[in-house]
Amino acid sequence: MTTTIPAVTSIGTARTRVEGREKITGAARYTGDIPLTGLAHGSLVLSTIARGRIRTVDDTAVRAMPGVVTVLHHLNAPRVKGDYPSIMGSAPDPTVRAFQDDRVPHWGWPVALVVAETPEQARAAADALVVEYDVEQHDTAFSGDRPDAYALDGVVPATVEKGDQERELAASAVVVDAAYTTPEEHHNPMEPHAATAHWQDGRLEVLDSNQGASWVAEDLAKAFELDPATVRVRSEHVGGGFGSKGVRVHQIAAVMAATALRRPVRVAMTRRQMFSLAGYRSPTAQRVRLGADADGRLRALLHDSVSQTSSVAEFVEPGAAAGRVLYDAAAHRTAARVVRLDVPTPTSMRAPGMASGSFALESALDELAERTGIDPIELRVRNEPAVGPLSGLPFGGRNLLACLDEGARRFGWAARDPRPRVRRDGRWLLGTGVAAATFHAFAVPSTAGVTAWADGTFTLRIAAADIGTGARTALQLIAADALRVAPEQVQVRIGDSEFGPAWIAGGSAGTSSWAWAIIPAAEELRERLALGVDIPADGITVRADSTTALAGQTPAERHSYGAQFAEVAVDPATGEVRVRRMLGMFAAGRIVNPLTARSQLVGGMVWGVSMALHEEAVRDQASGGLVGSDLAGYHVASHADVEHIEADWVDDPTPGDPVGIKGVGEVGIVGAAAAIANAVWHATGVRQRQLPIRPDRVLAGESRDA
C-alpha cells in the first residue's frame, strides 16, 4: 500500500455529514419508511413465560380479524437452518431460528408472527392471539458466587495468567481486594429494528436496519440454504446500533413471511420487544485483587468477572480484559466465567467487556491510590508497561501517559486536595476522579470499488454501515485524499451487500477496515488516470481487497487509550449525584473527521454518565421478565443530567500502520463510570462499588459513614 500523503489533505479537517441535510429534512429514508407496492406487515408475538413448552396456538379467531393475511408459528412456519457458522465466527443465537419448535427458553421468546395489511391490524391481531403453555420452573437469578459458573472463551481467551499469584500477594505491602457489580443494561437505539423482505426476479431482496449488510446477507443465505448470489441486503440509513443490529429474529421472520406469501413483508420490533430480542449488556459480578509495594508498584493484578448467558447460546462479557492491556505486574490473572440462565442471550454492546470491566479495575486502582497515599495519576504512571503485559508484544502506539498529562493540565488536577469530603458548595459535597480507558484497535479484510467518471467525479462503493457515526463523511475524506481530489468530487455509496464483503460497523474497527480497502483501490485508479486514459461512459472501476495487505502487518498491541476526568456534586441529604463537568483526553490514532470524532467521544462519555448514575434493567424473579421494559421504566441520562462535557485527543501516530486509524466509537465510554465513581468517593469518603450509583445507595453509604 502506498503511504505517500498529499501535501494538502482533507483528512483531519472538520466536515459536516454529507447526508446531514437529508436527515434533518426527513429526506433520508430509514427501513421502516421505504414504501413498496403490496407491502404487508408482520407483528411478532412473544412468550409470557420464562421457561416451558407451547401447548397450543389458537389462531382461528385471529385469522378472521380484519386485514389478517396469515399467522406463522412452530406448527406451520418454514424450516430454517441454525447450526451454520456465522460471519461473526460462531453459530447464531438460536432466537433467530424463529418458530422451529415448541420450546420456550426465556421470557419474550418469539412464538408467532401475525401478518396483516396494515401495521395496526397486525399489532391488534398479535395482541389477540391466544397461546397456552406448559410452564416449567425457571432460573433467572444472577450472582457472582453461583457454583455453576464456568469459564468461557469469547472474542478473547477466558483466562490469561502469569507468575505466582499467591506469593506476590503475600509479599505486597498493600492489598486491595474488592467486589464490584454492574447491572443488565440495554442499547435501545432511536430507530427500532426493522426489516422488509421480498422476492424479485428470483432474488431475495431485504431492506434492513443493520450494522453490516454483508453479514446479514451471508447469514440469511445460510439460514434459508440459498445461493449467496441470490440474496441482497440494503441498509442505507441506520438510526443507531451500538452492537444490537446484527442478525435478529425480525429479518428471519420477514423472509419466512415473504417466502410464504410471495409479497413484500415488513417486520419491525416494538420498543418493548427490543428489550428481549435485540441483546443487551450482561450484568457482571467482579472481584479485583491488587497487590503493590509501598511505592504503588503492582506485584499482583487479579481480576475475575462473572456474567450471564442464556440457556440456548453462549456469550461472554469479557469484563476482565482491560487489565491485560493497561498495567503490568509480576503475577497477573484475568478470568471470565458465565452462568447459564433462562434469560435472553446477551450481545456486544458499546465497548463490550471494557465498559463494565473498567469500572471495577479503575475503581480498584483508585482504592490502591488512597491506601498508598499516592496521587491516582502518579500511580498509573508508575505502572505504565513497556510492552504488552501478557503478550510481550510491542505497542503499536501507546500514548496513555500523554492523555493523563494533558488531561490533568486542562482539568486543573494539580490543585486537587486529595483528602475526601473536604470541598463543599453550599449543601453539595464536591469531588473529582480520574480513570484510564482503552479499547482494542484492529482491522478486518474488506473490499471496496472506486469508479472514475468522465465529468471528473468519482463513486466509492463499499458495504460499510453508517449507524450515526458519520462513516459516510469519513470514507469520503479517505477516498478523496487517496485520489488527491476535493471531497465534493467523491460520491459515497454504502450499505449494500452487492458491493462485496466488508467488515461491520462494530468493534471500533469499521473505518479502519474500510480504509484498508479504499486506499489501494483509489490509489491504483489515480495511477491509471495519470496515464491519460480515456474514460468511457460507464466509467473506470478499480476494486481492492485488503486481505493480503492486512496479513502482512507486524503483530503488535494496538489499542486506543484515554484518560477520563470527572467532577461531581453530591447532596448528602438526598443522595443525589450531579456530574458537573467531564473531560476526556484520548489517543485514538489518526482522526479522520474531528467534528464527528468529537461527537462520538462525547456521546460515549454521556453514556458513561448514564451507566454510572441511571441505567439498570431489573428482572422480576417471579415471572422471569423485565420490570419497566420501555424508555419510561428504563432510566437514561437526560439533558438535565449532562452539564459540561469536553472531549479532545493527543497526537497518536501508529508505527508500521500506513492507515493509522484506531477508532473512537467505543473508547469514549470506557472508564467514564469509574471516573464518576471515584469522584463520588472523593466527595463523600464512601466507596460505591455497585452501579448505578442511586440516591438510596449514596444514602446507605452516608448512614454507614455516620
Take Arg271 and Asp630, measure what salt bridge (Lys or Arg N to Asp or Glu O under 4.0 Å) needs, and give me the verdict at the end. CA-CA 6 Å; Arg271 182 66 62 184; Asp630 51 50; over 6 Å; no
Do you know the tightest heavy-atom contact between Ser209 and Ser235? CA-OG, 3.7 Å
Given the options Glu185, Glu615, His186, Arg281 meets side chain to side chain donor-acceptor pair (under 3.5 Å) only with Glu185
Under the criterion side chain to side chain donor-acceptor pair (under 3.5 Å), which of Gln211, His187, His193 is the partner of Ser244? His193
Evaluate side chain to side chain donor-acceptor pair (under 3.5 Å) for Thr284 paired with Ser356, printing each intermediate quantity in order. CA-CA 7 Å; Thr284 67; Ser356 52; 4.7 Å; no
For Ile252, run the side-chain contact (heavy atoms from CB on, under 4.5 Å) check against Val267, Asp219, Val96 and tell me which one passes.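 Output: one option passes, namely Val96.
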As a test of understanding, state which of Ile34, Thr196, Thr118 forms a side-chain contact (heavy atoms from CB on, under 4.5 Å) with Leu39.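 The residue from Ile34, Thr196, Thr118 that satisfies side-chain contact (heavy atoms from CB on, under 4.5 Å) with Leu39 turns out to be Thr196.
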Verdict with reasoning, Asp342 to Arg51, per salt bridge (Lys or Arg N to Asp or Glu O under 4.0 Å): CA-CA 7 Å; Asp342 301 316; Arg51 184 181 179 90; 2.9 Å; yes
May I ask you to check whether Phe99 and His73 place their ring centers less than 6.0 Å from one another? no
Using a strict cut-off of less than 4.0 Å between a Lys/Arg side-chain nitrogen and an Asp/Glu carboxylate oxygen, indicate whether Glu22 and Arg29 qualify as a salt bridge.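 No, this pair does not count.
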With distance as the sole test, does Arg340 use its side chain to make a donor-acceptor pair with the main-chain N or O of Ser311 at under 3.5 Å? yes
Is the terminal nitrogen or CZ of Arg262 (NZ for Lys, CZ for Arg) located under 6.0 angstrom from the six-membered ring centre of Trp199 and within 45° of that ring's axis? yes
Rounded to the nearest 0.5 Å, what separates atom CD in Glu120 from atom CZ in Arg123?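 Answer rounded to 0.5 Å: 10.0 Å.
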For Glu498, the option from Arg461, Arg232, Arg234, Arg493 that meets salt bridge (charged side-chain N to carboxylate O under 4.0 Å, His left out): Arg232
